[in-house]
Student: 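My questions all concern the structure below.
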Amino acid sequence: MRGPARPPLDLDAGVVRVVTALAELDGGKLLEDTPKSRAGRRVVSMPPEVIPDLQAHLDEFAEDGPNGRVFVGPLRRSGFRLIWNKVRADVGLPDLHFHDLRHVGNTLAASTGASLRELMARMGHASTRAALIYQHASQDRDKVIAAPLGDDAFKVARQ
């Protein structure tokens with residue numbers, strides 16, 4: 001086993017189980033509840049390349065024990081905003097919004113050729129409308145799609 005077992009984070013299997021959500025209410029009170037929709041409760045696979053970094057984080061920063069939190073704090077909006085603003089400035093992306101990270105990740109997932117249903121499951125979306133936002137057309141992807149179409153079309157036309 002790779003360090004403390006935390007039920008939602010399984011580094012051996014390379015997955016995260018999204019079973020709860022932590023929200024900061026007005027006034028600062030924290031509310032832990034289930035995700036907004038049934039589709040929000042899901043198992044999401046992670047790229048194997050991130051597992052060593054997650055393991056290092058668990059070893060150095062996470063709470064000990066089988067139910068220890070992966071991120072300690074908890075992060076409050078006000079404190080996180082200060083850290084986020086510094087990081088954005090340090091990397092030269094002052095206009096980057098935190099949700100943009102989710103958008104990039106989901107757009108990259110869509111570019112792999114994942115079906116709409118697969119994207120919906122990965123993102124925790126109950127509607128196709130929300131998942132379609134991440135299916136941007138790109139010239140590179142269009143070339144990948146076109147290559148086999150040309151080969152097959154010419155074979156059929158020549159017969």
Side-chain angles (χ1 to χ4, degrees), residues 2-3 5-24 32-62 69-71 73-75 77 80-159:
R2 293 184 165 107
R6 287 162 176 84
L9 185 61
D10 184 342
L11 297 185
D12 290 325
V15 298
V16 118
R17 290 175 183 81
V18 182
V19 293
T20 61
L22 187 64
E24 184 177 352
E32 188 168 353
D33 201 357
T34 57
K36 292 185 268 185
S37 72
R38 202 173 151 156
R41 293 184 296 274
R42 63 202 185 277
V43 177
V44 181
S45 295
M46 62 183 92
E49 293 82 1
V50 304
I51 292 173
D53 290 326
L54 280 172
Q55 184 61 58
H57 172 83
L58 290 176
D59 294 342
E60 186 157 342
F61 300 109
R69 292 194 182 269
V70 174
F71 299 102
L75 293 174
R77 276 182 283 203
F80 180 77
R81 191 174 298 118
L82 294 172
I83 295 166
W84 180 246
N85 288 342
K86 181 182 180 335
V87 168
R88 291 185 317 171
D90 289 350
V91 298
L93 297 169
D95 297 324
L96 184 71
H97 299 278
F98 190 72
H99 192 77
D100 293 341
L101 300 176
R102 176 177 165 86
H103 190 89
V104 167
N106 292 331
T107 300
L108 291 171
S111 74
T112 68
S115 71
L116 186 56
R117 181 62 64 196
E118 290 167 330
L119 292 172
M120 288 172 61
R122 182 170 183 79
M123 295 182 267
H125 289 154
S127 77
T128 56
R129 182 177 169 271
L132 283 170
I133 292 168
Y134 302 101
Q135 294 207 326
H136 302 286
S138 75
Q139 190 62 42
D140 291 340
R141 183 75 182 130
D142 192 47
K143 287 179 182 178
V144 170
I145 293 167
L149 293 176
D151 292 342
D152 292 343
F154 284 109
K155 287 177 189 172
V156 170
R158 290 184 182 144
Q159 291 178 355

Student: To the closest 0.5 Å, what do you measure between NE2 (His103) and CG (Leu108)?
Tutor: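 It is 10.0 Å, given to the nearest 0.5 Å.
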Student: Can you classify the ring geometry of Phe98 versus Trp84 as parallel (below 30°), tilted (30 to 60°) or perpendicular (above 60°)?
Tutor: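 Aromatic pair Phe98/Trp84 classed perpendicular.
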Student: Nearest 0.5 Å please: distance from the NE2 atom of His125 over to the OG atom of Ser37.
Tutor: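 If we round to the nearest 0.5 Å, His125:NE2 and Ser37:OG are 8.5 Å apart.
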Student: Listed by chain and number, what are the side-chain contact (heavy atoms from CB on, under 4.5 Å) partners of Arg17, not counting sequence neighbours?
Tutor: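 Residues passing side-chain contact (heavy atoms from CB on, under 4.5 Å) with Arg17: Asp10, Val15, Val19, Val43.
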Student: Show, in sequence, the C-alpha distance, side-chain angles and deciding distance for Leu9 and Leu58, and conclude whether the side chain to side chain contact (heavy atoms under 4.5 Å, CB included) test is met.
Tutor: CA-CA 10 Å; Leu9 185 61; Leu58 290 176; 4.1 Å; yes
Student: Measure from the side-chain N and O atoms of Arg122 to the backbone N and O of Ala110, and report whether any donor-acceptor pair falls under 3.5 Å.
Tutor: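 Not at all, since once roles are kept as given, no pair shorter than 3.5 Å links the two residues.
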Student: Checking Arg41 now: which residues fulfil side-chain hydrogen bond (donor to acceptor under 3.5 Å, both in side chains) with it, not counting sequence neighbours?
Tutor: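 Per chain and number, Arg41 pairs via side-chain hydrogen bond (donor to acceptor under 3.5 Å, both in side chains) with no residue.
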Student: Between Glu118 and Ser115, what is the shortest heavy-atom contact and its length?
Tutor: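 Residues Glu118 and Ser115, closest heavy atoms: OE1-N, 2.7 Å.
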Student: Working to the nearest 0.5 Å, report the span between CZ of Arg129 and CD1 of Ile133.
Tutor: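 Arg129 atom CZ to Ile133 atom CD1 measures 6.0 Å (nearest 0.5 Å).
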Student: Do Arg42 and Met123 come within less than 4.5 Å of each other through their side chains, counting heavy atoms only?
Tutor: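 In short, these two side chains do not touch, never coming nearer than 4.5 Å.
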Student: Between Asn106 and Leu119, is a side chain to side chain contact (heavy atoms under 4.5 Å, CB included) present by the stated rule, with each step listed?
Tutor: CA-CA 8 Å; Asn106 292 331; Leu119 292 172; over 6 Å; no
Student: How long is the straight-line distance from CG of Asp95 back to CZ of Arg88, given to the nearest 0.5 Å?
Tutor: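 These two atoms lie 7.0 Å from each other.
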Student: Locate the shortest heavy-atom distance separating Val70 from Ala62; write the atom from each residue and the value.
Tutor: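 Closest approach of Val70 to Ala62: O-CB, 3.5 Å.
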Student: Which atom names give the shortest non-hydrogen contact between Ala114 and Ala109, and what distance separates them?
Tutor: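 Minimum heavy-atom contact is CB-O, 3.7 Å.
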Student: Check the pair Leu11, Met46 against side chain to side chain contact (heavy atoms under 4.5 Å, CB included), reporting the backbone distance first and the verdict last.
Tutor: CA-CA 9 Å; Leu11 297 185; Met46 62 183 92; 4.3 Å; yes
Student: Looking at Arg69 and Glu32, is any side-chain nitrogen of the basic one under 4.0 Å from a carboxylate oxygen of the acidic one?
Tutor: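 Yes, Glu32 and Arg69 are salt-bridged.
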